[in-house]
Amino acid sequence: MTRFAPSPTGRLHAGHAFSAVRAHDFAASRGGRFLLRIEDIDQGRSRPEHVATILADLVWLGLDHEAPVFQSARRERYAAALDTLRARGLVYRCFCTRAEIAASQGAPHGGEPVYPGTCRRLDAAEVAARADAPHCWRLDMAMAVALAGPLLWHDHGHPVAAMPAAQGDVVLARKDAGTSYHLAVTVDDAAQGVSDVVRGIDLFAATHVHRLLQALLGLPTPAYHHHPLLLGPDGERLAKRHGAPTLAALREAGEDGRAFADALREGRLPTGFSTANA
Ligand code: GLU
């Protein structure tokens with residue numbers, strides 16, 4: 001069983017189609033199931049019209065999937081998982097703002113800065129005094145790694161040693177969302193019985209964290225199949241700024257979606273695009 005898990009924060013482009021086709025075909029070629037999970041925990045950026053467009057895009061591409069599951073309807077599950085970790089002292093409240101975190105260290109090489117652990121060092125009285133102030137919950141990474149011990153997952157059948165420590169005390173419950181990408185994905189892949197995660201190699205780093213959370217929460221580990229990314233003409237991961245047409249625009253222009261999906265399957269990419277491992 002595989003899944004496609006888009007976030008409905010914008011329109012899908014060829015990079016999403018590339019990933020969806022791979023996940024779909026992985027399941028189809030093995031007689032397995034293909035799930036659609038709408039990752040809409042970010043209520044500020046998720047839009048119902050984007051959900052509608054995603055559903056239409058998948059029909060257009062000819063990718064049959066099961067009834068979508070919405071993360072926004074599953075908050076209790078994520079809260080329960082966070083409770084489990086909290087009961088074991090593995091998470092702590094963090095009151096830092098983004099600006100404070102950015103100011104506390106040099107600019108990172110892209111991506112989120114590694115959290116310096118400021119609030120991990122607060123004592124109980126300080127936390128109690130501020131408990132009503134806005135806060136997120138972070139994983140105490142060092143404690144979690146020590147507790148879990150060495151971990152592996154399989155990527156394309158090859159063992160990979162999980163090394164989540166480099167990502168520091170990741171957020172498991174955002175101030176605004178009550179959960180986070182890492183926690184929601186880990187809980188849902190297990191709850192939905194996803195046996196094989198087929199997704200872009202840009203999420204490889206996240207898998208180290210997901211493997212750790214699986215161990216801490218006693219959840220099964222799917223097999224992972226990270227795939228190369230579709231790159232724009234500048235060799236960077238295809239993104240909005242490349243101005244590549246969205247799937248919706250292609251559909252509205254009368255392009256044949258099944259033929260588009262077949263072209264991606266066969267490596268016939270739109271002009272200027274290429275694929276590579278990140
Ligand atoms: N929702 C994530 C995204 O749109 C993908 C999650 C995943 O495949 O694990 O990037």
Side-chain angles (χ1 to χ4, degrees), residues 3 5 7 37 39-43 69-98 101 111-153 160-194 197 203-222 224:
R3 83 311 193 266
S7 305
R37 186 167 71 226
E39 302 213 321
D40 58 350
I41 57 169
D42 187 338
Q43 289 291 288
V69 165
F70 291 79
Q71 288 192 326
S72 55
R74 298 174 50 76
R75 292 186 189 284
E76 283 166 23
R77 298 261 199 156
Y78 312 138
L82 188 68
D83 282 346
T84 303
L85 299 173
R86 195 186 290 120
R88 297 168 71 192
L90 287 165
V91 291
Y92 62 89
R93 285 183 174 87
C94 171
F95 303 93
C96 295
T97 62
R98 271 176 188 273
I101 297 170
E112 286 285 301
V114 172
Y115 181 63
T118 321
C119 289
R120 187 180 350 103
R121 294 184 279 272
L122 295 178
D123 64 32
E126 280 173 287
V127 173
R130 297 174 70 178
D132 290 340
H135 58 266
C136 68
W137 288 87
R138 290 185 181 272
L139 181 67
D140 183 331
M141 182 59 84
M143 190 191 281
V145 166
L147 190 73
L151 298 169
L152 289 179
W153 85 78
V160 179
M163 290 182 294
Q167 298 182 55
D169 293 355
V170 292
V171 173
L172 295 188
R174 290 165 40 165
K175 283 179 195 170
D176 59 338
T179 184
S180 70
Y181 163 66
H182 290 312
L183 187 63
V185 163
T186 304
V187 167
D188 284 348
D189 282 339
Q192 294 186 278
V194 172
V197 173
L203 292 169
F204 189 83
T207 306
H208 292 275
V209 176
H210 300 172
R211 180 66 191 90
L212 175 61
L213 292 176
Q214 288 154 8
L216 298 175
L217 293 167
L219 302 175
T221 302
Y224 288 87

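Worth knowing before you read on, the calculation uses all heavy atoms, side chains too, and leaves out hydrogens, waters and symmetry mates.
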Legend entry - Carboxylate-amine/guanidinium proximity below 4.0 Å for D188 and R77: no
Inset, instruction - Can you measure from SG (C119) to CD (E126) and round to the nearest 0.5 angstrom? - result: 9.0 Å
Inset, instruction - Please report the C-alpha distance between L90 and L172 in whole Å, then the side-chain angles of each, then the deciding distance to 0.1 Å, and finally whether the side-chain contact (heavy atoms from CB on, under 4.5 Å) criterion is met. - result: CA-CA 11 Å; L90 287 165; L172 295 188; over 6 Å; no
Legend entry - Modelled atom types, side-chain donor and acceptor of T221 and R211, under 3.5 Å: yes
Legend entry - 4.5 Å side-chain heavy-atom contact, L82 and R86: yes
Legend entry - D123 atom CG, neighbour heavy-atom count above 12 within 6.0 Å: yes
Inset, instruction - Could you verify whether a donor N or O on one side chain and an acceptor N or O on the other, from D42 and Y181, lie under 3.5 Å apart? - result: no
Inset, instruction - Take atom CZ of R121 as the centre, draw a 6.0 Å sphere, and report whether it contains more than 12 heavy atoms from other residues, nucleotides or ligands. - result: yes
Legend entry - Straight-line distance of Q71 CD to Q43 CD, nearest 0.5 Å: 10.5 Å
Inset, instruction - Return the minimal non-hydrogen interatomic distance between A166 and V114, and the atom names on each side. - result: O-CG2, 3.5 Å
Inset, instruction - Output yes when a side-chain donor or acceptor of R130 lies under 3.5 Å from a complementary backbone atom of R93, and no otherwise. - result: no
Legend entry - Point-to-point distance, once rounded to the nearest 0.5 Å, from CD of Q167 to CG of L139: 11.0 Å
Inset, instruction - State whether the side chain of H210 and the backbone N or O of T186 hold a donor-acceptor pair below 3.5 Å, judged by distance alone. - result: no
Legend entry - For the student: nearest non-hydrogen atoms of R88 and L147, plus distance: NH2-CD2, 3.1 Å
Inset, instruction - Would you name the heavy atoms of K175 and T97 that are closest together and state the gap between them? - result: NZ-CA, 4.1 Å
Legend entry - Check: D169 side chain, M141 main-chain N or O, donor-acceptor pair, under 3.5 Å: yes
Inset, instruction - Look at the side chain of R75 and the backbone N and O of A177, then say whether any donor-acceptor pair between them is shorter than 3.5 Å. - result: yes
Inset, instruction - Would you indicate whether the side-chain heavy atoms of V197 and V185 approach each other to under 4.5 Å? - result: no
Inset, instruction - Write down the atom of P222, the atom of Q214, and the distance for their closest heavy-atom approach. - result: CD-NE2, 3.5 Å
Inset, instruction - Please round to the nearest 0.5 Å and tell me the distance separating atom OG of S180 and atom CH2 of W137. - result: 13.5 Å
Inset, instruction - Could you grab the distance from atom CG of L212 to atom CG of L217, nearest 0.5 Å is fine? - result: 9.0 Å
Inset, instruction - Compute whether any side-chain donor of one residue and acceptor of the other, for R3 and Q192, lie under 3.5 angstrom apart. - result: no
Legend entry - Main-chain N/O of D40 paired with S72 side-chain donor or acceptor, under 3.5 Å: no
Legend entry - Between SG on residue C96 and CG on residue L122, distance to nearest 0.5 Å: 7.5 Å
